[in-house]
There are 2 protein chains.
Amino acid sequence: MVTINDVAELAGLSKSTVSRVINHYPHVSQEKKQKVYQAMKTLGYVPNSSARSLRNKKTQMIAVIVPRLMNPFFGQLIESMEVAATEQGYQLLICQTMYSKETELGHLELLKMKQVDGMILASLENEWETISEYLTYGPLIMCNEFEEDANIPIVKLDQIHGGYIATKHLLEEGHRRIAYCSGGHKSMVAQHRKLGFKKALKEYGLEFEERYSFLDAYSIKDGMRVFHELNQMEEPPTAVFTGGDEVAAGLITAAKENGVRIPKDLSVIGFDNQVVTKIMDPKISTIEQPIQLMAQQAIKVLVEKIASKQDPQKERYEFPLKLIVRESTGRSPLRAVE
Amino acid sequence: MVTINDVAELAGLSKSTVSRVINHYPHVSQEKKQKVYQAMKTLGYVPNSSARSLRNKKTQMIAVIVPRLMNPFFGQLIESMEVAATEQGYQLLICQTMYSKETELGHLELLKMKQVDGMILASLENEWETISEYLTYGPLIMCNEFEEDANIPIVKLDQIHGGYIATKHLLEEGHRRIAYCSGGHKSMVAQHRKLGFKKALKEYGLEFEERYSFLDAYSIKDGMRVFHELNQMEEPPTAVFTGGDEVAAGLITAAKENGVRIPKDLSVIGFDNQVVTKIMDPKISTIEQPIQLMAQQAIKVLVEKIASKQDPQKERYEFPLKLIVRESTGRSPLRAVE
DNA sequence: CTGTTAGCGCGTTCAT
DNA sequence: ATGAACGCGCTAACAG
């Protein structure tokens with residue numbers, strides 16, 4: 001392995017000078033600078049990153065914690081983060097919790113080991129009380145998922161408004177019996193979305209009905225299950241707020257297989273505006289989330305925290321959501337006469 | 001920051017002993033071992049990973065290069081690799097080239113900087129001639145994408161057979177005018193698939209026809225474009241080999257919008273067995289790829305290379321593909337009378 | 001079984 | 001403007 005010493009020797013200079021050239025120090029004569037560059041080139045020298053990290057106490061690495069990569073939402077998030085991080089001179093280390101508390105804690109150790117300069121939590125398995133202990137070891141921010149009173153920066157989407165506009169759209173189409181699907185119950189994202197749902201109902205003088213509430217709805221398969229459950233209810237809902245495009249896709253697929261017409265018999269609204277919404281038949285109405293903006297902002301905020309070294313602060317950044325009406329939502333069959 | 005020295009001091013021992021305990025050395029007395037554990041615990045000590053890497057000349061990190069994360073094929077590949085790597089005590093650093101040669105070279109520098117112990121190439125932007133220069137800096141293997149005569153381990157799928165069975169299925173259904181879609185032309189994966197396609201045609205006494213060949217077909221949008229092109233041909237094909245489920249999905253979506261019935265008027269076969277194949281209407285016939293097995297094998301092989309330190313060798317590992325017949329393929333309309 | 005010592009490769013005082 | 005020397009935190013070789 002070729003080290004800084006080899007370069008210094010070949011250039012006939014000290015390693016201090018070589019180091020200065022590498023790090024673009026101001027006061028080095030052009031002559032020596034050229035000599036160093038020449039030597040570096042002929043030897044094919046590249047600074048050893050471990051040595052640098054040890055010395056600088058900076059690894060130029062950021063970790064992001066997600067439940068799993070293949071979830072399209074997190075996939076997009078990570079893809080954008082990776083690009084943004086690279087632009088800022090950081091490597092992005094992607095950590096999957098696979099929904100396990102232990103695995104999440106394992107990843108948090110990266111901060112202790114100083115393997116990463118900072119960390120972005122895009123999902124949350126453990127209690128904030130547990131996670132907050134890691135704050136001593138380096139900057140930590142949340143992105144997407146959040147904990148209201150955590151004293152760290154949080155970059156998030158306005159989920160309350162998201163739940164609100166999706167529901168309002170269904171209400172405006174005349175629906176009054178609206179099913180509500182949601183995934184994790186601890187998740188603040190899910191809780192806020194539900195708040196928005198309830199807020200819209202309230203504006204129309206309606207109450208949240210437990211019988212129309214479906215839990216653990218994440219995947220296509222879950223969507224299919226939900227359809228079968230609601231299809232055999234006495235007073236089936238005329239619309240479904242799915243909380244996710246995959247769930248909506250599964251629900252629609254099952255509905256079609258059972259002769260239930262979308263949106264004539266049943267309106268379905270997704271969440272995320274994933275690709276699947278555009279290829280399903282009918283195309284799925286949904287809520288668009290500005291994932292890329294959120295990802296870029298998260299990287300930006302974390303990089304600043306790493307540089308500033310100040311104590312964690314309670315900062316909030318919020319991005320708006322947008323309703324996209326396609327073909328899977330329409331007038332309520334019960335109000336068709338109006 | 002608490003270091004090994006602090007632990008040694010508190011335990012009243014030398015840092016060598018502490019180091020031995022950390023690394024599970026055999027000959028340490030139970031008594032001192034307990035003292036060390038005690039001290040580590042009260043201080044909350046965790047070894048600094050940069051220092052370890054510098055000393056051991058091992059970072060316990062593996063990089064994998066892919067074009068982009070959101071491509072479902074690579075998403076699955078990476079997800080499986082991450083899990084396999086973690087099991088083996090390695091971190092997986094995911095690098096996106098975004099189809100750029102320069103970006104790919106940038107990522108290869110990680111090997112020079114010794115930031116990773118080894119690297120998996122799952123896609124290839126630069127010529128092998130260029131990439132092979134990095135072989136000096138650490139073990140490099142290919143997974144999925146490949147270069148026939150590279151003298152490194154290659155873990156791949158039997159794409160020739162994949163192209164063959166997909167095409168044979170269409171031929172058996174009576175199709176004789178079969179369109180062929182493909183993405184990158186340099187890609188050996190694509191070339192092998194085409195070989196399989198041609199092999200099947202030949203068995204039926206047919207030639208590859210350029211007029212039925214469509215290039216740059218990757219996405220849903222591309223699939224839509226291909227449909228419109230082939231739909232206005234004088235002698236339109238009765239079946240399409242798409243080379244990707246996304247392309248198939250786009251094609252089917254466009255076909256339905258234009259009143260072309262799948263598979264009655266046109267048979268479409270995908271490639272990958274992605275989730276989308278199960279939610280489209282009709283469900284897409286496709287080729288299943290054992291991505292997880294390939295990912296695990298790749299990690300295993302690379303970890304072995306890292307340990308053995310021997311010169312790069314020409315090893316080949318190949319996994320079989322499987323035909324999955326669903327609803328998007330059927331009898332050729334031209335042969336319906338037979 | 002345990003402690004002392006010497007670096008790993010780099011950046012950075014502190015002199016000059 | 002440049003070089004000598006020290007130390008980041010850790011492991012390994014050598015004594016004992």
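Chain A is the first sequence line, chain B the second, and so forth, proteins listed ahead of strands; every chain is numbered from 1.
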Colleague: Find the distance A/K33:NZ to D/dT2:P and express it as a whole number of Å.
Modeller: 10 Å
Colleague: In this structure, how many angstroms lie between the P atom of D/dA12 and the CG atom of B/N23, rounded?
Modeller: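 Spelled out: CG on B/N23 to P on D/dA12 is 7 Å.
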Colleague: Taking the nucleotide of DNA chain C with the closest heavy atom to each, which residue, A/R20 or B/H27, is nearer the 5' end?
Modeller: B/H27
Colleague: Can B/E109 and B/K112 be counted as an ion pair, charged N to O under 4.0 angstrom?
Modeller: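 Salt bridge: yes.
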Colleague: Return the value, rounded to whole Å, for the distance between atom CD of B/E9 and atom C1' of C/dG3.
Modeller: 15 Å
Colleague: Would you say a side-chain N or O of A/Y25 is under 4.0 Å from OP1 or OP2 of D/dA1?
Modeller: no
Colleague: For the pair made of NZ in A/K32 and C1' in D/dT2, what is the distance, rounded to whole Å?
Modeller: 7 Å
Colleague: Using a 3.5 Å distance criterion without hydrogens, assess whether the side chain of B/N151 forms a donor-acceptor pair with backbone atoms of B/K314.
Modeller: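 No; zero donor-acceptor contacts below 3.5 Å.
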Colleague: Show each protein N/O and nucleotides 5-9 of chain C N/O combination with a separation under 3.5 Å, one pair to a line.
Modeller:
from, atom 1, to, atom 2, distance (Å)
C/dG7, N2, B/R55, NH1, 2.7
C/dC8, O3', B/K57, NZ, 2.9
C/dG9, OP1, B/K57, NZ, 3.1

Colleague: Is the distance from OP1 or OP2 of D/dC10 to the nearest side-chain N or O of B/S19 less than 4.0 Å?
Modeller: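 No, because none of the side-chain N or O atoms of B/S19 sits under 4.0 Å from OP1 or OP2 of D/dC10.
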Colleague: Tell me whether the count of non-hydrogen atoms from other residues, nucleotides or ligands lying under 6.0 Å of OH in A/Y99 goes above 12.
Modeller: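 More than 12 within 6.0 Å, yes.
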Colleague: Take atom CD in A/Q60; do more than 12 heavy atoms of anything else shown fall under 6.0 Å from it?
Modeller: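 Above 12, so yes.
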Colleague: Look at atom NZ of B/K156 and say whether more than 12 heavy atoms of other residues, nucleotides or ligands are closer to it than 6.0 Å.
Modeller: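 More than 12 within 6.0 Å, yes.
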Colleague: Is a donor on one side and an acceptor on the other found under 3.5 Å between the side chain of A/E147 and the backbone of A/W128?
Modeller: no
Colleague: Give the rounded distance in Å between these two atoms: CE of A/M40 and C1' of C/dC10.
Modeller: 14 Å
